[in-house]
Participant: 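A single structure is presented below for examination.
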Protein chains: 2
Amino acid sequence: MSELTILERRFPGRKAGLKREILEQALACFNETGIESTTIDSIRVSCQASVGAIYHHFGNKEGILGALFFAVLDDQHEFFEQYLARANTLKDFVSAIVMSYVDWVVQNPEWAKFQFQARGFIAKGPLRQELSNRNTKQLKGLKAKLQTVDSCGIKISLPFELIPSLVIGATENYCRAWLSGRVPTCPSVYREQLSAAAWRSIQN
Amino acid sequence: MSELTILERRFPGRKAGLKREILEQALACFNETGIESTTIDSIRVSCQASVGAIYHHFGNKEGILGALFFAVLDDQHEFFEQYLARANTLKDFVSAIVMSYVDWVVQNPEWAKFQFQARGFIAKGPLRQELSNRNTKQLKGLKAKLQTVDSCGIKISLPFELIPSLVIGATENYCRAWLSGRVPTCPSVYREQLSAAAWRSIQN
DNA sequence: ATAATTACAGAATATTATTCTGTATATAGA
DNA sequence: TCTATATACAGAATAATATTCTGTAATTAT
């Protein structure tokens, strides 16, 4: 794991300084007051920039949202790939998905909160195609990797389209509950249980 | 099941006619173009009302959102209670939760889509307390019912706070995927599998 | 060194949400 | 039935917000 923040990794260099600052404050605003009720002006005040600067870098509000959203997505994906690379059996495979998800959320709670909020917006707006492309691509990668893995003597009889939901659904649901304060206990505490439950759920 | 629509059940009577019409068109707009990018004026045009009428009934945009959101929540809850009433064993209990969720979503896909979109907004805005109250209340009801049920000789050793996520997480995830078009197969097809997987996931 | 591009500032404008004032319609009490 | 009171609606006026536009500084490339 690098010491840099997500923004420093995705928008590196000194000349991207203001860009990062705008994004950082925008993230804070979005998480505090919600995406819709965050105004460009509130972001502008937070980062002490001008509307001109903001619109120069991002075009419009959706542009800020998109820059943040795809930065998260990329970061999460890289993180996930690191876990996946070490998985040799099907059980490891399931475990890697669950664990990487939990660990990433716990390490980046503010980004995770934002991601949950923003997905809906992106799925509607002009960037929906981009999101859809990435989803298909990632799914294809997963399928390929899945072929190369030792299946532990288990024959999965459930239809493939159900598997992703079974593997990640409960974990995602719990992480969301934790981020919103509905449950107090950090998902890290339940890494093993969530992983084991996912594994049980796909067998029959 | 009543023949009436959700709106007719929640806002009955002739004098609530325009109110229902506004809500119906607002729902359509929200689902088509997203909540943020839906303007009051686009709703006004769709239902051929005046801004005055809209603001008279709902106060502001958030008010429309809230009326729709809690109407859905109430409807879903009643539907769910019908299933739950028939559950006598723990396994039935889990099954009732999964099945009622799937059936409701499949019967009311537009409302379900809206619910997923709107939850984030409500969780931020001024109605968040109301939402939180309902969640706690429902959870309390579930716990109470859980005590009265035959546990099938199973001793659940997982912490309680994990259970709701394990039971409904995968199903919710799949329904969401279906509503957004990411998977083609209707969740109804997988009712049994989802229910069985949830049941396996909570045992260890 | 200078031309060209990129980064920024802030006033001007456009879009959208909300309020306000007035009128009609319904409802309740006499 | 009459009238007072509240509720339902219409649409112009205003406020809040997003976006554009024009100009200037800084940076980069030639």
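Lettering follows sequence order; numbering is per chain, from 1. Predicted model only: the values in this text are computed from it and were never measured.
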Participant: Specify the closest pair of heavy atoms between L179(A) and P109(A), including all atoms of both residues, with the distance to one decimal.
Facilitator: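 Nearest pair, atom of L179(A) first, then P109(A): CD2-O, 3.6 Å.
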Participant: Dump every N/O contact between nucleotides 22-27 of chain D and the protein below 3.5 Å, one line per pair.
Facilitator:
none

Participant: Taking all non-hydrogen atoms of both residues, which atom of V149(B) and which atom of N88(B) are closest, and how far apart?
Facilitator: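 Nearest pair, atom of V149(B) first, then N88(B): CG2-O, 3.3 Å.
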Participant: Hey, does T38(A) reach any base, or is it just sugar-phosphate, or nothing, if we go heavy atoms under 4.0 Å?
Facilitator: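 Here T38(A) touches the backbone only, sparing every base.
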Participant: Taking atom C1' of dA7(C) as reference, at what distance in whole Å does atom CG of L18(A) sit?
Facilitator: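 So the two atoms are 9 Å apart, to the nearest Å.
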Participant: By side chain to side chain contact (heavy atoms under 4.5 Å, CB included), which residues pair with A196(A), not counting sequence neighbours?
Facilitator: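 Only R200(A) meet the side chain to side chain contact (heavy atoms under 4.5 Å, CB included) criterion with A196(A).
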Participant: Please, which pairs that meet side-chain hydrogen bond (donor to acceptor under 3.5 Å, both in side chains) have at least one residue in residues 170-184 of chain B, sequence neighbours excluded?
Facilitator: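 Listed once each, the pairs are S165(A)-N173(B), E172(A)-N173(B), N173(A)-E172(B), S180(B)-R182(B).
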Participant: Salt-bridged, E36(A) to K61(B), with N to O below 4.0 Å?
Facilitator: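 The answer is yes: the pair qualifies as a salt bridge.
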Participant: With distance as the sole criterion, is a donor-acceptor pair present between the side chains of E78(B) and Q82(B) under 3.5 Å?
Facilitator: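 No, no side-chain donor-acceptor pair sits under 3.5 Å.
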Participant: What residues from residues 39-69 of chain A pass a heavy-atom cutoff of under 4.0 Å to DNA chain C?
Facilitator: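 Close to the strand are A49(A), S50(A), V51(A), G52(A), A53(A), H56(A), H57(A).
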Participant: Please list all pairs passing the salt bridge (charged side-chain N to carboxylate O under 4.0 Å, His left out) test where one or both residues lie in residues 127-149 of chain B, with sequence neighbours left out.
Facilitator: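 Every salt bridge (charged side-chain N to carboxylate O under 4.0 Å, His left out) pair that includes a residue of residues 127-149 of chain B, provided the two are not neighbours, is D74(B)-R134(B), E130(B)-R134(B).
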Participant: Distance-only criterion, 3.5 Å: show the donor-acceptor pairs between side-chain atoms of residues 13-20 of chain B and protein atoms not counting sequence neighbours.
Facilitator:
residue : atom : partner : partner atom : Å
R20(B)  : NH1  : F11(B)  : O            : 2.6
R20(B)  : NH1  : G13(B)  : O            : 2.8
R20(B)  : NH2  : G13(B)  : O            : 3.3

Participant: Quick check: on DNA chain D, is the nucleotide nearest E36(B) upstream (toward 5') of the one nearest K19(B), or the reverse? Name the residue that is more 5'.
Facilitator: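 Its nearest nucleotide lies further toward 5', so the answer is K19(B).
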